[in-house]
Protein chains: 2
Amino acid sequence: MQLTALGYALIGLVLGEPRSGYALRKVFELTPMGAYSSSPGSIYPALNKLVKAGLLEQRAPAAGGKKKFHATPHGVREMNDWLRTPVTQEEVAKSIDLPLLKFAFLPMAEDVRVTREFLSGFEAAVRAHIESLESYLTGPEGQSLSPHGRLAVENGLLGYKAHVDWAMRASEAFK
Amino acid sequence: MQLTALGYALIGLVLGEPRSGYALRKVFELTPMGAYSSSPGSIYPALNKLVKAGLLEQRAPAAGGKKKFHATPHGVREMNDWLRTPVTQEEVAKSIDLPLLKFAFLPMAEDVRVTREFLSGFEAAVRAHIESLESYLTGPEGQSLSPHGRLAVENGLLGYKAHVDWAMRASEAFK
DNA sequence: CCAACCATGTAAGCTGTTACATGATTGA
DNA sequence: TCAATCATGTAACAGCTTACATGGTTGG
């Protein structure tokens with residue numbers, strides 16, 4: 001189905017705990033999830049789209065109170081499919097944020113193996129990307145790079161190496 | 001004026017060396033600048049917009065050959081203003097890519113002090129962001145975080161710490 | 001009572017993506 | 001000559017941002 005980052009973030013959040021649209025906005029405002037944006041103009045239309053697609057539904061809780069968004073079985077399935085899709089090098093090259101969002105929601109898969117598989121795939125994808133950056137630097141293009149350009153690429157490399165270290169340490173925690 | 005990342009990338013590239021639209025596309029296809037996207041559908045309209053805004057112009061080189069994009073004086077001024085605008089914590093929180101693009105183009109400012117100021121501002125902005133992530137983790141919200149959520153935030157922290165290390169090392173190189 | 005917060009949306013505009021279309025040049 | 005590459009675009013669509021609009025509730 002291929003949702004947007006915001007779509008996955010919304011389903012993942014209500015899977016953890018059903019919430020109103022407003023409560024979801026607050027999460028983006030007040031936590032590091034803020035990177036996945038915010039503001040009524042994006043969240044409410046996104047929620048309505050997910051409802052139309054049959055991935056979420058709005059239900060009033062049994063004990064009264066206001067309506068909250070819940071994931072439908074279809075939404076749960078969609079999320080599980082996504083969680084089990086291995087991270088690719090292209091994804092990592094584009095932005096590390098989406099893979100990390102996925103990681104944050106892995107407990108919803110209710111199976112440690114999914115976490116383990118994510119981490120090994122993530123590590124491999126990041127390592128592959130590091131290699132491509134390194135071969136760019138040692139290749140003809142990289143040789144003619146300005147000092148600033150080279151440093152900028154090296155900054156990227158350091159960041160990706162930090163991700164590898166993290167993946168290795170996290171793997172220990174889920175062994 | 002506030003251009004998009006692609007806009008700054010295009011001006012910066014032709015400042016280094018005048019190029020055709022096609023040559024610019026190749027840069028995005030074949031180098032780590034690929035993160036700033038690509039493909040005719042975005043580059044050609046962006047170039048035309050920059051021409052309309054008076055920041056670029058298309059000129060045929062004296063010795064014949066095809067037309068290439070050059071930066072106008074206005075374009076140069078716009079770039080210089082941008083290069084000298086200090087990086088903010090909000091920018092860093094949103095994405096580290098734009099600040100790094102700026103760094104890569106700092107030689108165009110033709111003054112090492114601009115690089116030094118960038119690096120100290122960058123480091124400060126990243127450190128501030130690290131502190132806000134850390135206080136989130138130690139605060140009430142962070143205490144109730146799932147192990148996965150906590151690890152995801154810690155991944156971010158490691159990445160930002162790598163950026164600080166890089167900034168300190170780079171500062172040495174421009175002292 | 002009034003400010004702050006709860007709560008949900010719409011509309012205009014900008015950017016970018018994907019896919020399609022066109023035609024020139026060049027090397028095997 | 002034919003495939004690849006050079007070279008430049010357009011059109012439909014998706015997504016997000018900003019700004020605006022609306023009204024209810026609650027605590028000082």
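Letters A, B, ... are given to chains in the order of the sequence lines, protein chains preceding strands, and every chain is numbered from 1. Heavy-atom basis, side chains included; hydrogens, waters and symmetry copies ignored.
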Within a reach of under 6.0 Å around CD of Q143(B), are more than 12 heavy atoms found that belong to other residues, nucleotides or ligands? yes
From the set dT17(D), dC6(C), dT8(D), return the single nucleotide nearest to any side-chain atom of Q58(B). dT8(D)
Does dT15(C) have its OP1 or OP2 closer than 4.0 Å to a side-chain nitrogen or oxygen of S42(B)? no
Round to the nearest Å and state the distance from I43(A) atom CD1 to dA7(C) atom P. 14 Å
Rounded to whole Å, the CD-P distance (E29(B) to dA7(D)) equals 13 Å
Could you walk me through whether K26(A) and E29(A) pass salt bridge (charged side-chain N to carboxylate O under 4.0 Å, His left out), step by step? CA-CA 5 Å; K26(A) 288 285 134 182; E29(A) 255 173 45; 3.2 Å; yes
Whole-Å distance between dT17(D) C1' and E90(B) CD? 17 Å
Quick check on DNA chain D: between S20(B) and G41(A), whose nearest nucleotide comes earlier from the 5' end? S20(B)
Across the strands shown, which category fits K67(B) at heavy-atom distances under 4.0 angstrom: base, sugar-phosphate, nothing? nothing
Measure CG/L6(A) against P/dA14(D) and give the value in whole Å, please. 16 Å
I want to confirm an ordering. Mapping P40(B) and K49(B) to their closest nucleotides on DNA chain C, which one lands closer to the 5' end? K49(B)
Side-chain donor or acceptor of K66(A) paired with backbone N/O of S20(A) under 3.5 Å: no
Atom-pair distance (CZ on R25(B); P on dG16(C)), nearest Å: 15 Å
Rounded to whole Å, please give me the gap between CG in D97(B) and P in dG16(C). 14 Å
Starting from P on dC6(D), measure out to OH on Y44(B) and report it in whole angstrom. 11 Å
Quick one: is dT8(C) close enough that its OP1 or OP2 comes under 4.0 Å of any side-chain N or O from Y22(A)? no
Any side-chain N or O of K66(B) less than 4.0 Å from the OP1 or OP2 oxygen of dC6(D)? no
Might you confirm whether atom CD of E131(A) has over 12 heavy atoms from other residues, nucleotides or ligands at distances under 6.0 Å? no
Spacing of Q2(A) atom CD relative to dT18(C) atom C1', expressed in whole Å: 14 Å
Heavy-atom nearest nucleotide on DNA chain D for N48(B) versus T4(A): which residue maps closer to 5'? N48(B)
Are V27(A) and L13(A) close enough that some pair of their side-chain heavy atoms sits under 4.5 Å apart? yes
